[in-house]
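One structure is given below, encoded as structure tokens.
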Number of protein chains: 2
Amino acid sequence: MPNNQFKKGELYSFITGKASTAIARRLQKNFKQAGIDITIEQWSVLYHLWKEDGMSQQQLCDATFRDKPSITRLVDNLEKLKLVKRVPSKEDRRMNMVYLTKDAEQLQEQTMELANQTLNEALEGVTHGQVEIAKEVLQMVYDNLK
Amino acid sequence: MPNNQFKKGELYSFITGKASTAIARRLQKNFKQAGIDITIEQWSVLYHLWKEDGMSQQQLCDATFRDKPSITRLVDNLEKLKLVKRVPSKEDRRMNMVYLTKDAEQLQEQTMELANQTLNEALEGVTHGQVEIAKEVLQMVYDNLK
DNA sequence: GGCATATAGTTGTTTATGCAACTAAACAAA
DNA sequence: TTTGTTTAGTTGCATAAACAACTATATGCC
């Protein structure tokens, strides 16, 4: 008998992720107010390229937990915005390496600042210890299901 | 200086909600395996109607944390599937009250069972106490931002 | 009553997701 | 070299989300 049995009324909000929806909406709003016209999904791709430029689309799939069609189209849209460039790999011609443009590099500092600020709004009144446990739980859920 | 300042590398996954994405995908998969052809978003509307049948579309917006166009289209699709019916309110002719059909009532038990099972898969190895804290944190985040 | 305003719901447009089917290149075995 | 399989990426289709603009009804105030 599992010891985490949810009561009906509690289960729903845990599944539907209202909290992460709320964070994403607030971050999007904060981007918009700052005059930054990219979506959170596009930003999530840039985020990984800032950590390591020149990832393949497949690597972006793994990093962002999205499927291949999603990454194809996000990269399409980021190319239209002139924020990334696809460069065919020389070693393996099936692969596209995705590189940041100058424009995208300039977005890093400001958007990371806004993301931090958004998280601080979100976590107002939550203790450091609680946050650590919440992150652990979310990581375990992810590991259990991925 | 906020005491919840995130380190760069940690912040991202908290925002993008990989865990709730993973839970939703797994639940969708479990529905499909059981031969239940509804989306998680449609299920989330039915979930609230099972608790209280005959809600208005606006009430469904508040309950599901979705905007009005989203609910309009979810109800459209649920009507096509013959799972709900719109009934114009007699007191206020602007409102549609949304009612479950017999078909939808029959889905309740099986899908709630699948949802519980999915959460148990997700929370394997997580203690009851950790889950309680995670729920609290997510609730506080939601309250801070909604 | 008449007018301004608020509320409930719909429609159009763009972006994103999930799934299946597809192309092209790489690789492995004979 | 050919044949079969795997891997990287794209395309088509249905569903859903966010936002803005819209219609219709209700309400509050003069």
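Throughout, protein chains are lettered first and strands after them, A, B, ... in sequence-line order, and every chain is numbered starting at 1. Side chains included, hydrogens not; waters and symmetry mates left out as well; all remaining heavy atoms used.
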For atom NZ of A:Lys68 and atom P of D:dG12, their distance in whole Å: 17 Å

For nucleotides 26-28 of chain D, print each protein N/O atom paired with a nucleotide N/O atom at under 3.5 Å, atom names and distance only.
from, atom 1, to, atom 2, distance (Å)
D:dA26, OP1, B:Arg93, N, 2.9
D:dA26, O4', B:Arg94, NE, 3.4

Measure CE/A:Met95 against C1'/D:dT6 and give the value in whole Å, please. 14 Å

Return no unless some side-chain N or O of B:Gln58 is found under 4.0 Å from OP1 or OP2 of C:dA8. yes

Provide the full list of ring-ring contact (aromatic ring centres under 6.0 Å, His included) pairs with a residue in residues 83-113 of chain A, sequence neighbours left out, each pair given once. none

Starting at atom CG of B:Asp37, determine the distance to atom P of D:dA14, rounded to an integer number of angstrom. 15 Å

Please examine the side chains of B:Leu107 and B:Trp50, heavy atoms only from C-beta on, and report whether any two atoms are closer than 4.5 Å. yes

Whole-Å distance between C:dT17 P and B:Ile23 CD1? 18 Å

Are any protein N/O atoms closer than 3.5 Å to N/O atoms in nucleotides 15-17 of chain D? If there are, list each pair with its distance.
from, atom 1, to, atom 2, distance (Å)
D:dA16, OP1, B:Thr39, OG1, 2.4
D:dA16, OP1, B:Gln42, NE2, 3.2
D:dA16, OP2, B:Asn77, ND2, 2.6
D:dA17, OP1, B:Arg66, NE, 2.6
D:dA17, OP1, B:Arg66, NH2, 3.1

Non-hydrogen side-chain atoms of A:Ile40 and A:Phe31 separated by less than 4.5 Å: yes

What integer distance in Å separates A:Phe31:CZ from C:dT15:P? 17 Å

With a 4.5 Å heavy-atom cut-off, do B:Val137 and A:Val137 have their side chains touching? no

Pairwise 5' ranking along DNA chain D for A:Gln59 and A:Lys29, keeping only the more 5' one: A:Gln59

All N/O contacts under 3.5 Å from nucleotides 20-22 of chain D to the protein, with atom names and distances to one decimal?
none

Is any side-chain heavy atom of B:Gln42 closer than 4.5 Å to one of B:Leu83? no

Is any side-chain heavy atom of B:Tyr47 less than 4.5 Å from a side-chain heavy atom of A:Ile15? no

Qualifying salt bridge (Lys or Arg N to Asp or Glu O under 4.0 Å) pairs, either residue in residues 17-42 of chain A, two or more places apart: A:Arg26-A:Glu121

Decide yes or no for B:Leu27 and B:Thr111: does some side-chain heavy atom of the first lie under 4.5 Å from some side-chain heavy atom of the second? no

Within the 4.0 Å heavy-atom criterion, would you say B:Asp76 contacts the bases, only the backbone, or no part of the nucleic acid? nothing

When rounded to whole Å, the CG to C1' distance for the pair A:Asp62 and D:dG9 reads 14 Å

Using a cut-off of strictly less than 4.0 Å, decide whether A:Gln57 has a side-chain nitrogen or oxygen near OP1 or OP2 of D:dT10. yes

Are side-chain heavy atoms of B:Gln139 and B:Glu136 found at a separation under 4.5 Å? no

Which pairs pass salt bridge (Lys or Arg N to Asp or Glu O under 4.0 Å) with one or both residues in residues 52-76 of chain A, sequence neighbours excluded? A:Asp76-A:Arg86

Let me know the distance between CD of B:Gln28 and P of C:dA20, rounded to the nearest Å. 11 Å

When you compare the side chain of B:Leu46 with that of B:Leu78, does any pair of heavy atoms fall below 4.5 Å? yes

